[in-house]
Structure formats: C-alpha cells, structure tokens
Amino acid sequence: MNDDQLFDAPGPRARRRIRIATAASLLVLAGLLALALRQFAAHGQLAAAQWQMFTQWAIIRFLLDGVGQTLLVTAVAAGLALPLGALIALVRLSRSRWARALARGYVELFRAVPLLLLLYIFLFGLPRAGLTFPVFWQLVIPIVLGNAAALSEIFRAGVLALDRGQSEAAYSLGMTYWQAMTWVVIPQAVRRLVPTLVSQLVRLLKDSTLGYVVSYLELLHKAQVLGEYYHSVLPTYLVAAACFVLINTALSALATWLERRRCT
Amino acid sequence: MPTGVLDQLGRGLLLTVEMTALAFAGALVLGVLLAVCRISPVPPLRLAGAAYVTAFRNIPLLVLLVLFVFGLPEVGLLYPLFATVALTMALYWAAFVCEVVRSGVRTVPRGQIEAARALGLTFTQCLRHVVIPQSLRSMVQPLGNVFIGLTLGTSLAAAVGVPELTGQAQLVTLKYDNPLTSFALTTVVYVAITLTSGVIAGRIERKVAIKR
C-alpha cells in the first residue's frame with residue numbers, strides 16, 4: 001500500500017499545482033544543499049586533503065576492521081539475547097504465577113533502564129564489588145540484558161497474536177501445553193515475527209556503538225581515533241554514519257526479502 | 001548518604017526532563033512536517049522525506065551526537081552543548097515520529113476518505129473532520145513509545161559530556177564512591193518515569209478510544 005490514498009487522481013489544475021510545488025521544493029532543497037556545501041567549503045572541509053585519506057587501503061582496512069568488530073558484537077549479543085528473550089517470553093506465558101511475576105519484573109526493569117546507565121554499572125559499579133569483565137563483555141552483557149527484555153516482549157506479542165484456534169486445535173488433538181507450544185504455536189509465531197525481529201536487530205546494532213564509551217574498538221570508536229589522529233573529525237564521522245546506514249539498510253532489505261519469500 | 005548526592009542527582013534529573021521536553025516538542029513538530037512531505041503529491045518532497053527517515057533511523061543516536069557535537073564546530077557551527085544535544089535528539093526522533101504519523105494516517109480506511117470526498121468535503125475539510133480525528137487515536141500508543149525511547153535516549157547525552165541523570169550518577173559514583181546507592185536511585189527514577197509515561201499513554205488511549 002502506498003501513501004496516495006488521500007488524493008484522487010489529479011486533474012489538470014491539480015497537476016499544474018503539483019508541477020509548481022515540485023519546482024519550488026526542488027529550488028528550496030537545492031538552496032539548502034548549496035548552503036551546506038558553502039559552509040563546508042568556507043571551512044576547508046571540502047578540500048581534497050580532508051577526504052583523500054579514505055582512498056588509502058590502510059585506512060579503509062582500519063575502518064572495515066571496525067565494521068567487523070561492530071558486526072561481531074552484534075552477532076554475539078544477538079546470539080545470546082535471542083534465546084534469553086525467548087526463554088523470558090516462555091516464562092511470562094507460563095502458568096506459574098510467581099514465575100510470571102518474576103519475568104514481568106525483569107522486563108519492566110530492563111526496558112526502563114537506559115543502556116548507558118547499565119553500561120556504567122558494569123564499568124564503574126560492579127568493579128567496586130570485585131567483578132571486572134573484559135572490555136568486550138562489558139559492552140556485550142548490558143546489550144544482551146537490555147535487548148533480551150525487548151525481544152521477550154516481541155516474542156510474547158507474537159505468541160499472543162496467533163489465532164487461538166491453533167492452540168485449541170492442538171489441545172483437542174491431545175497435545176499437552178508444552179507440546180502445543182513447541183510444535184504448533186512457536187513455529188508459526190516466529191515466522192510471523194521475522195520483520196519485527198530484524199528491526200530489533202537493527203536497534204541492537206545501533207546499541208553496539210556504545211563501544212565508544214567503554215573504549216571497545218568498534219566502528220564508532222575507530223572513527224573517533226582516526227578522526228582525531230588525522231584532524232579530520234567531521235569527514236570520518238560522516239563516513240562512519242554512511243557505513244551504519246549501509247549496514248542497517250542491508251539488514252532491513254534482508255528482512256523485506258525474507259518476508260516476501262514467506263508470503264509466496 | 002551525603003546530601004550532595006541527592007542534590008547532584010536532582011540537577012541531573014532536571015536536565016534530563018528539560019532535554020526530554022525540548023527534544024520531544026521539536027521531534028513532534030518536525031516529524032509531522034516530514035510526514036506531510038512524505039504523503040504529499042510532490043515527488044521531490046516525498047523523496048527528501050524518505051531519504052531523511054532512512055538516514056536518521058539507521059544512524060545510531062550516539063554517532064549523530066558525536067557528529068553534531070564534535071563535527072559541526074569544524075564547519076563553524078558551534079552552539080552551546082545542551083542546545084546541540086537537544087537539537088540532535090529532536091532531529092533523530094523526528095524520523096520515528098514521522099513514521100508513527102504516516103502509519104497512523106494509513107490506519108484510516110480508504111473508504112472513509114472516499115466517502116468524505118463523495119459528500120463533497122474539500123481536502124482540508126476531509127483532513128480536519130475525517131482523517132485527523134481517526135488517525136490521532138491510533139497514534140497515541142506509538143507516540144508514547146517514542147516518548148519513552150526518547151527519555152531513555154537522553155542518557156546518551158552523558159557520553160558527550162552533558163551531566164544529565166545518567167552522567168550525574170556516574171560522577172556521583174566517582175566522587176563519593178558509593179556506586180550502589182547512586183545507580184540504584186537513578187534506576188528507580190528511570191523506572192518511575194517509564195512506568196508513569198506508559199500509564200499516562202494508556203489512559204489517553206482509553207479516553208480517546210471510540211466506544212462501541
């Protein structure tokens with residue numbers, strides 16, 4: 001579905017108006033772009049020297065290594081958060097009231113705590129109690145804890161959204177609660193959840209930039225090191241931002257593809 | 001617990017609240033404008049809106065923050081730190097508000113708009129009496145989620161040097177060497193903010209819901 005529903009097919013007068021608006025908005029957009037370029041040029045940020053470094057293989061490799069680290073953090077964190085989130089969702093859907101309350105408490109707590117605060121606790125709080133993790137885990141554990149809560153909500157919503165007739169049919173076939181869950185409910189719910197899960201994965205990847213705070217050399221921290229070393233902070237951060245856009249749109253495209261494949 | 005702790009955390013909380021309010025107001029205005037661009041019949045505006053949303057939704061907030069705080073001074077755009085951070089947050093969350101508004105408009109069934117047009121309502125009348133009242137209802141809960149995300153997201157300002165609640169919690173920890181109390185207190189405050197926002201959003205949603 002697209003966003004055309006507010007309008008009829010335009011008539012001649014409306015078409016003329018749209019043409020005028022198109023020209024006007026093109027002018028405004030071009031003006032904004034020109035203003036930005038002028039601001040960049042006035043401070044020498046368009047000089048070739050500022051950007052030339054990105055053609056050197058050593059620097060490209062340095063940044064690619066950062067991309068690799070970002071992906072590694074994402075993969076490890078997702079690999080831990082997905083099962084943990086599924087487990088919490090199952091506990092929240094279980095029949096024991098105490099287990100449900102416990103899982104609910106976990107979700108409410110970790111959805112409400114900012115990731116950075118969690119990170120600071122691991123960075124400054126726990127070492128006081130004699131618990132010091134390696135830098136990689138200081139970054140990954142808070143991400144896992146926070147995202148597991150969000151993922152469990154996604155899983156729970158998916159299970160609850162499934163038509164009740166499915167589990168009722170499973171019970172009437174003589175399946176127990178867990179059999180129905182394992183063989184009927186969960187496989188269907190997960191398949192429906194793929195797009196939502198991927199957008200949560202994008203969020204998780206964005207969380208990995210907190211490596212900047214714990215000095216873990218992922219893409220953002222590497223960009224910082226590089227930019228400060230070569231005195232080209234702005235170009236380096238812009239390149240890093242472009243990398244993130246590329247990676248995340250690729251992930252979203254993957255989700256769309258998976259979804260389309262499921263539909264056919 | 002030294003009184004300085006509460007004092008400092010209180011100042012941090014004030015900064016968090018200010019930043020949240022400013023950024024949310026800015027994001028609402030800009031997000032609605034972006035949504036208008038994206039559903040307008042003017043191709044360049046639609047394209048620009050889509051490009052904006054794609055860029056700002058996919059760049060991590062922390063990258064945007066360091067880009068604006070440390071990068072913009074390089075092109076001569078140096079503003080007070082607090083203003084820069086609040087502006088960055090508004091720009092970032094505007095992309096999400098735009099998507100909320102757009103999908104809210106989509107929830108209005110096509111037949112409603114066609115019926116309005118068949119009754120002879122003009123475009124503005126159709127928006128004013130048919131589309132906006134219906135779509136606002138479905139936007140309450142998602143906007144509440146954006147608000148909560150924004151509130152929690154303001155903590156990232158601590159990473160670029162704004163002493164808001166999370167930043168103060170860390171400073172207090174370093175100063176008074178009492179990680180447990182300061183972090184616990186801060187956590188409680190965040191949980192309280194999130195829970196109340198959720199409850200308020202739920203209330204508003206129930207209040208504006210169509211009763212059948």
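Reminder, nothing fancy here: chain letters follow the sequence lines and each chain counts from 1.
Neither the backbone nor the side chain of A:Ile247 comes within contact range of chain B, judged by heavy atoms closer than 4.5 Å. Contact of A:Leu220 with chain B is made through the side chain alone, with heavy-atom distances under 4.5 Å. If you measure heavy-atom distances from B:Leu195 to chain A, the contacts under 4.5 Å come from the side chain alone. Proximity to chain A (any heavy atom under 4.5 Å) is shown, for B:Thr166, by both the backbone and the side chain. Interface remark: B:Ile193 contributes no atoms to any contact with chain A (heavy atom separation under 4.5 Å). Proximity to chain B (any heavy atom under 4.5 Å) is restricted, for A:Leu29, to the side chain, taken from C-beta onward. Of the atoms belonging to A:Arg111, it is backbone heavy atoms, and not side-chain ones, that fall under 4.5 Å from chain B. In this structure, the portion of B:Ala169 lying under 4.5 Å from any heavy atom of chain A is its side chain and not its backbone. Both the backbone and the side chain of B:Ala159 come within contact range of chain A, judged by heavy atoms closer than 4.5 Å. Neither the backbone nor the side chain of A:Leu251 comes within contact range of chain B, judged by heavy atoms closer than 4.5 Å. In this structure, the portion of A:Val202 lying under 4.5 Å from any heavy atom of chain B is its side chain and not its backbone. Both the backbone and the side chain of A:Val233 come within less than 4.5 Å of a heavy atom of chain B.
Considering every non-hydrogen atom in both B:Val189 and B:Leu165, the closest pair reads CG1-CD2, 3.6 Å. For the pair A:Leu219 and A:Thr70, the tightest heavy-atom approach, listed with the atom from each and the gap, is N-OG1, 3.1 Å. For A:Phe155 against A:Gly85, the heavy-atom pair with the smallest separation is CD1-C, 3.8 Å. Nearest heavy-atom pair, A:Asn147 versus A:Ala81, reported as atom, atom and distance to 0.1 Å: CB-CB, 4.3 Å.
Separating the NZ atom in A:Lys206 from the CG atom in B:Leu64 is a distance of 8.5 Å, to the nearest 0.5 Å. The structure places OH of B:Tyr176 at 11.0 Å from OG1 of B:Thr181, a figure rounded to the nearest 0.5 Å. For the atom pair CD (A:Gln138) and CD1 (A:Ile143), the distance works out to 12.0 Å, reported to the nearest 0.5 Å. Here the CD1-OG distance, from A:Ile18 to A:Ser25, works out to 11.0 Å after rounding to the nearest 0.5 Å. Atom-to-atom distance recorded for A:Gln39:CD and B:Leu77:CG is 4.5 Å, nearest 0.5 angstrom.
Taking the six-membered ring for Trp and thresholds of 30 and 60 degrees, A:His221 and A:Tyr212 have ring planes more than 60 degrees apart, a perpendicular arrangement.
No side-chain N or O of B:Thr154 forms a donor-acceptor pair with one of B:Thr16 less than 3.5 Å apart. Inspection of the B:Arg128 and B:Gln125 side chains reveals no N or O donor paired with an N or O acceptor under 3.5 Å.
The stretch residues 133-153 of chain B places B:Leu152 near chain A, each with some heavy atom under 4.5 Å from a heavy atom of that chain. Proximity to chain A among residues 49-57 of chain B is limited to B:Thr54, B:Ala55, B:Arg57, judged by heavy-atom separations below 4.5 angstrom.
For the pair B:Glu18 and B:Phe82, the minimum side-chain heavy-atom distance is below 4.5 Å. Put simply, the side chain of A:Val135 does not reach to within 4.5 Å of the side chain of A:Ser215, judged on heavy atoms.
Of the residues considered (B:Leu45, B:Thr186, B:Val66), B:Val66 shows the highest number of contacts with chain A, using heavy-atom pairs under 4.5 Å.
Checked against the 6.0 Å centroid threshold, A:Phe122 and A:Phe133 count as a close aromatic pair.
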